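What follows is a short report on a single structure.
Owing to the predicted nature of the structure, the values given are computational and were not obtained by experimental measurement. For reference, positions follow the sequence shown, starting with 1. Quick note: numbers below take in every heavy atom, side chains included, and nothing from hydrogens, waters or symmetry partners.
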Amino acid sequence: MPGASVPRPLLRIEGDTRRTSYDVVAAEEPLEIRVNGRAMAVTMRTPGHDFELAAGFLLTEGVVDRGDQVRAMRYCGPGPGPAPVDPLREFNVVDVAVSDDAPAAGVAPRAVFTSSSCGLCGRASISSVRSRVPVDVAGDPLRLSVEVLAGLPDRLRAAQAVFARTGGLHAAGLFDADGTLVCAREDVGRHNAFDKVIGWAAMHRRLPLRSHVLMASGRASFELVQKALIAGAPALAAVSAPSSLAVELAEEAGMTLVGFLRGDTMNVYAGGDRVVGA
């Protein structure tokens with residue numbers, strides 16, 4: 001199976017000095033997700049936790065709406081034929097068997113390509129995404145202290161083992177109300193990192209994510225707010241800026257959205273009543 005990082009030769013230039021060296025870079029490979037044997041989507045991802053990624057993707061795309069609708073998952077090659085199976089290709093295709101009561105079990109496959117920088121590509125409209133959010137988070141009793149929020153970035157950073165080697169990955173973390181890290185995942189795509197965490201929660205029957213907060217290592221986009229809402233998380237925090245549409249969706253849904261979370265400073269863009277303390 002391909003790894004999460006790859007050693008690569010390079011030319012190192014320091015002033016007038018040039019020398020051949022090596023560096024470790026984050027791996028990026030396509031993952032084809034099939035549903036009941038039919039191609040559904042291809043996403044560019046960092047190999048690792050692929051089953052979680054597939055489960056989270058299908059959940060946030062509305063193909064399934066419960067973790068127990070995913071009956072089985074397996075890696076598979078490109079299909080029968082005279083050519084030998086490419087081991088890399090074999091681990092870049094995941095086939096997911098879903099139950100007959102899954103919302104899109106009988107829907108025709110779509111030709112959707114998702115890059116590592118955009119998880120919203122291929123959707124018909126933003127309004128259709130809004131209409132699929134099934135969990136009401138407005139009444140969630142979660143309260144987050146300023147001290148707990150301030151500690152989340154360092155705790156997530158400490159769990160980013162591949163980032164420490166490569167410097168080239170996004171991360172998503174799931175925390176409880178006390179700031180305890182429940183699950184952390186890394187990927188070249190921020191939306192993939194979220195799908196891996198949500199897929200983990202779905203596979204462990206921990207959805208919806210009531211009284212939990214999701215943390216993003218980068219910016220807070222509309223799609224990340226949407227994914228968090230589908231997972232039932234009442235709060236999302238990010239070390240960078242949110243988009244206007246992310247703020248709008250969080251406000252409409254009653255979600256707490258925190259941006260520019262760095263040290264003891266932060267901007268609360270929505271749901272400020274959940275943030276308590278100084």
Side-chain angles (χ1 to χ4, degrees), residues 26 43-46 56 60 114-121 123 125-127 129-130 133 137-138 140 142 144-160 162-164 166-175 179 181 184-198 209 212-231 233-278:
T43 184
M44 301 302 296
R45 98 305 190 189
T46 298
T60 57
T114 304
S115 74
S116 58
S117 61
C118 175
L120 196 58
C121 303
R123 298 202 179 103
S125 68
I126 288 175
S127 60
V129 175
R130 279 198 180 106
V133 175
V137 303
D140 195 293
L142 174 69
L144 293 165
S145 72
V146 170
E147 292 78 14
V148 164
L149 283 168
L152 300 188
D154 287 344
R155 292 176 184 175
L156 180 58
R157 177 67 179 82
Q160 294 178 244
V162 183
F163 178 85
T166 67
L169 290 179
H170 295 283
L174 176 66
F175 295 86
L181 179 62
R185 294 292 183 262
E186 297 179 276
D187 202 277
V188 287
R190 62 175 61 87
H191 54 92
N192 286 341
F194 263 59
D195 278 343
K196 287 179 178 181
V197 169
I198 294 170
L209 298 175
H212 283 72
V213 54
L214 280 164
M215 174 80 196
S217 63
R219 64 184 178 87
S221 63
F222 171 85
E223 61 179 342
L224 295 192
V225 173
Q226 175 254 334
K227 289 177 184 294
L229 286 173
I230 286 179
L236 188 154
V239 299
S240 193
S243 68
S244 62
L245 207 54
V247 175
E248 181 182 333
L249 181 58
E251 286 179 335
E252 289 180 0
M255 168 186 274
T256 297
L257 178 61
V258 179
F260 291 108
L261 180 54
R262 301 169 184 177
D264 60 355
T265 64
M266 63 195 75
N267 294 343
V268 183
Y269 292 90
D273 56 317
R274 284 199 179 94
V275 180
V276 298

Original post:
So do the side chains of Ser243 and Glu248 get within less than 4.5 Å of each other, counting heavy atoms only?
Top reply: no
Original post:
Cut-off 3.5 Å, side chains only: do Asp195 and Thr60 have a donor facing an acceptor?
Top reply: yes
Subject >> Residues which pass side-chain contact (heavy atoms from CB on, under 4.5 Å) with Asp264, listed by chain and number, not counting sequence neighbours >> reply: none
Original post:
Closest heavy-atom contact between Ala216 and Phe194?
Top reply: CB-CE1, 3.7 Å
Original post:
After noting the C-alpha distance and the side-chain angles of Thr46 and Asn192, does the key distance pass the side chain to side chain contact (heavy atoms under 4.5 Å, CB included) rule?
Top reply: CA-CA 9 Å; Thr46 298; Asn192 286 341; over 6 Å; no
Original post:
Once you round to the nearest 0.5 Å, how far does CG of Leu249 lie from CE of Met255?
Top reply: 7.5 Å
**OP:** Check His191 against Leu224 and note the closest heavy-atom contact, atom names and distance.
**Re:** CA-CD2, 3.9 Å
Subject >> Approximate separation, where rounding is to 0.5 Å, of Leu245 CG and Glu252 CD >> reply: 8.5 Å
Original post:
Which value, rounded to the nearest 0.5 Å, describes the distance between Leu261 atom CG and Leu156 atom CG?
Top reply: 10.5 Å
Original post:
Looking at residues at least two apart in the chain, or sitting in another chain, which of them share a side-chain contact (heavy atoms from CB on, under 4.5 Å) with Ala270?
Top reply: Ala250, Glu251, Leu257
Original post:
Roughly how far, to the nearest 0.5 Å, is the CG atom of Asp187 from the NZ atom of Lys196?
Top reply: 4.0 Å
Subject >> Approximate separation, where rounding is to 0.5 Å, of Asp140 CG and His212 NE2 >> reply: 10.0 Å
**OP:** Would you check if Pro153 and Met215 make a side-chain contact, meaning some heavy-atom pair closer than 4.5 Å?
**Re:** yes
Subject >> side-chain contact (heavy atoms from CB on, under 4.5 Å) involving Ala159 - partner list, sequence neighbours excluded >> reply: Leu181, Ala184
**OP:** Could you tell me whether the side chain of Arg274 reaches within less than 4.5 Å of the side chain of Leu144, counting heavy atoms only?
**Re:** no
**OP:** Might you point out which heavy atoms bring Val137 and Ala233 nearest each other, and give the distance in Å?
**Re:** CG1-O, 3.8 Å
Original post:
What's the spacing between Arg190 CZ and Glu223 CD if we round to 0.5 Å?
Top reply: 7.5 Å
Original post:
In a check of side-chain contact (heavy atoms from CB on, under 4.5 Å) between Val213 and each of Leu236, Leu152, Leu174, which one passes?
Top reply: Leu152
